[in-house]
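First comes the structure, then the notes that go with it.
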Protein chains: 2
Amino acid sequence: MIDIADLRFLTALSSAPSLAAAARSLSVTPPAVSQRLAQIEDRLHLRLIERGRGPLRLTAEGAFLIERSSGILGELETLADEMAARAGRIEGPLQVIAPFGFGRLRVAPILSRFAGENPELSPSLVLSEDPLGAMRAGPWDVMIHVGRLPDLRIMQRKLATNRRFLVAAPSYAARFGLPQDPGDIAGHRVGVVREDRADATLWPLTGPDGSETSLRVHPVFACNDGEVVRAWALDGFGIVERSEWSVFQDLRDGRLIRILPDWSLPDADIVALLNPRAVRAARIDAFVNRLSVEIPTAAIPLS
Amino acid sequence: MIDIADLRFLTALSSAPSLAAAARSLSVTPPAVSQRLAQIEDRLHLRLIERGRGPLRLTAEGAFLIERSSGILGELETLADEMAARAGRIEGPLQVIAPFGFGRLRVAPILSRFAGENPELSPSLVLSEDPLGAMRAGPWDVMIHVGRLPDLRIMQRKLATNRRFLVAAPSYAARFGLPQDPGDIAGHRVGVVREDRADATLWPLTGPDGSETSLRVHPVFACNDGEVVRAWALDGFGIVERSEWSVFQDLRDGRLIRILPDWSLPDADIVALLNPRAVRAARIDAFVNRLSVEIPTAAIPLS
DNA sequence: TCTCGTATTAAGTTGCCGCTTAATGATCGA
DNA sequence: TCGATCATTAAGCGGCAACTTAATACGAGA
């Protein structure tokens, strides 16, 4: 009889480049994988995986089995979720994806506390600047995202409004003065967070009268880590554009001040995307609720 | 995580009147059942089965779980069947239901041989005079039936034509003579197979010219086992109505002779009913094919 | 040529899970 | 009141499945 542990095992194999890689990701030795696979193939009297040189390839039978498995495994997982929900329990795996900066600084502490209150939870947090890639890479329940997102037809929930500010340190203002108008920016030192997927040097500004300007800036400093850029600004090296969540305390405490406060950039709201596969699980509901309570709180004090 | 062995276990429990009864049908001791159930309930943090006095009762959660399980278990079983089919293998459980007489004398030997040729097959044969009850009682793949059947909307396959004859032993004919006309039967000794569900004493005869007569007989001997009635006829005690399959050899060898050979009774064809749940399994296909080859063969020699 | 990564076979170990036995308690009917 | 059936708890056993280590073979790339 087919065992679902075998189906899980095969599913893991099917998305691994080699048996050795699968062994590593399963935390066992290669022979364990090799002989377990051989055993399953023997039981079915079918070859499931072509393992010649190069990457693993599923045979037709293997592909068929994996395909059918996914449905069954999904149903079983959903069933487990529903039973846990009926027991009023927060338990089971909770796989969260978040961007590096926001994830490390905001999501991780909340998840950590949440897990502490629910000992039967098995949380995992994957930080990635490529959320769509991470989604495809492995199973996930909740993905936290900051900013605009292509329409993914995935259920999402807004966790907090998140404005974007132009900021600089007082020491910078003292040395170089402050721009009074977007046009003045060109004469200033600017730092940006340069990621692959966004045009970080084009700032779409909206003026106090509603007029819109696209400002192309020429950064003197760039980094793909927002915290590094923030530190650079804190050190008085220039003007940067950062999210409210990132610099809110700096602004409150006067370590940074807003530049062109009458001009605004489009919001980069914080949203949670929910995997449709698991939307109805109690643990996910509870965690997203927690996020939606705790994340906005941190920003409220600032007007 | 939920284990499907647990789901099978719970499904077995759900159709048992008591834990002790379940233990017997699972071939284990009562504590094994009790503690395994307790363990599952602990894991889910839910009570699944109310066990007070009287019969077991599922709780709402238990009923929900069983309900959902059946779908998953069914899919898994179907998947196993399909994989076996792809491997071109005859294997797995094969659960056959057949009536007592025909099952014991005709189906059992064929199934026995079929299982011998396919060592990975786990056959089970349930003989029952109440096929519909047996269908409901447990899982089944193929049900053999002789005679008319209410329209069950179940896929069926005719295995053989099976006529019904009026027969008697030559010794009886020598002592009492033979009826030349249905009307003569009234003066003869008649034995019948009396089952609950059929009116065994009303013989719907069709004459050589196509005329139809319903003949009410008054048996001097009755039994619910066809073989006993046949033996009674072989011993020269009277005239009985029997299926071709049952008396074909007796007729061939002259131990019995046909009475009113120009008159016929409605056929009681031999059919296989296929459980829609498992129609596409290779082992079932193969077994029914085997039946449809071997069963008619036995009767062909007789005109 | 050497080395590294991969895959497989063989043999040995271990942990756990499911079972059994034994004993207790509860309930019901005779 | 006794006996029978059922359910449960506690304690201990055993089998087996999954894993490990060790050894071998193969190919590709430096």
Side-chain angles (χ1 to χ4, degrees), chain A residues 1-59 61-62 65-66 69 73 76 80 120 122, chain B residues 1-59 61-63 65-66 69 73 76 80 91 120 122:
Chain A
M1 191 55 61
I2 294 180
D3 180 11
I4 71 155
D6 290 339
L7 297 187
R8 281 190 228 279
F9 172 77
L10 290 173
T11 302
L13 278 200
S14 70
S15 59
S18 71
L19 293 194
R24 285 189 292 272
S25 89
L26 293 170
S27 305
V28 296
T29 55
V33 173
S34 185
Q35 59 193 202
R36 184 166 178 185
L37 172 59
Q39 182 190 339
I40 294 171
E41 289 182 330
D42 281 353
R43 249 208 304 276
L44 296 178
H45 305 285
L46 285 170
R47 170 152 289 244
L48 300 174
I49 291 182
E50 261 338 318
R51 33 218 193 279
R53 46 193 135 290
L56 294 185
R57 278 173 31 94
L58 291 173
T59 64
E61 290 79 15
L65 182 59
I66 296 295
S69 294
L73 292 176
L76 203 58
E120 289 174 308
S122 307
Chain B
M1 193 54 63
I2 295 181
D3 180 11
I4 70 155
D6 290 339
L7 297 186
R8 282 189 229 278
F9 172 76
L10 290 173
T11 302
L13 278 200
S14 70
S15 59
S18 70
L19 293 194
R24 285 189 292 272
S25 90
L26 293 171
S27 306
V28 295
T29 55
V33 173
S34 185
Q35 61 193 198
R36 185 166 178 184
L37 172 58
Q39 182 190 340
I40 295 172
E41 288 182 330
D42 281 353
R43 250 208 303 277
L44 295 177
H45 305 286
L46 284 171
R47 169 151 289 246
L48 300 175
I49 291 183
E50 260 340 315
R51 34 220 195 276
R53 47 191 135 289
L56 294 185
R57 277 172 32 91
L58 291 173
T59 64
E61 290 79 16
L65 182 59
I66 296 295
S69 295
L73 292 177
L76 204 58
E91 63 185 22
E120 289 173 309
S122 307

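Excluded from the calculations below are hydrogen atoms, water molecules and symmetry mates; all remaining heavy atoms, backbone and side chain alike, are included. Throughout, protein chains are lettered first and strands after them, A, B, ... in sequence-line order, and every chain is numbered starting at 1.
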d(CG, A:L26; C1', C:dA7) in whole Å: 16 Å

Under-4.0 Å side-chain N/O to phosphate OP1/OP2 contact, A:R43 with D:dA17: no

A:R47 CZ to C:dT8 C1', straight-line distance once rounded to whole Å: 11 Å

Nearest-Å distance for atom pair CD1/P, residues A:I40 and C:dT8: 13 Å

Set of residues satisfying salt bridge (Lys or Arg N to Asp or Glu O under 4.0 Å) with respect to A:E41, sequence neighbours excluded: A:R51

So which protein N/O to nucleotides 9-19 of chain C N/O distances come out below 3.5 Å?
{"from": "C:dC19", "atom 1": "N4", "to": "B:Q35", "atom 2": "OE1", "distance (Å)": "3.1"}

Just distance, no hydrogens or angles: give the donor-acceptor pairs under 3.5 Å from side chains in residues 3-12 of chain B, sequence neighbours left out.
{"from": "B:D3", "atom 1": "OD1", "to": "B:A5", "atom 2": "N", "distance (Å)": "3.2"}
{"from": "B:D6", "atom 1": "OD1", "to": "B:R36", "atom 2": "NH2", "distance (Å)": "3.4"}
{"from": "B:D6", "atom 1": "OD2", "to": "B:R43", "atom 2": "NH2", "distance (Å)": "2.8"}
{"from": "B:T11", "atom 1": "OG1", "to": "B:L7", "atom 2": "O", "distance (Å)": "2.7"}

Distance-only criterion, 3.5 Å: show the donor-acceptor pairs between side-chain atoms of residues 20-31 of chain A and protein atoms not counting sequence neighbours.
{"from": "A:S25", "atom 1": "OG", "to": "A:A22", "atom 2": "O", "distance (Å)": "3.3"}

Value in whole Å for how far the P atom of C:dA7 lies from CD1 of A:I49: 10 Å

Heavy-atom closest contact (B:I2 atom, A:A80 atom, distance): CD1-CA, 3.7 Å

Contacts of type side chain to side chain donor-acceptor pair (under 3.5 Å), residue B:E50, not counting sequence neighbours: none

Rounded interatomic separation in angstrom, taking CG from A:L19 and P from C:dT6: 10 Å

Contacts of B:E120 that satisfy side chain to side chain donor-acceptor pair (under 3.5 Å) - sequence neighbours left out: A:H45, B:R89

Rounded interatomic separation in angstrom, taking CG from B:L37 and C1' from D:dT9: 14 Å

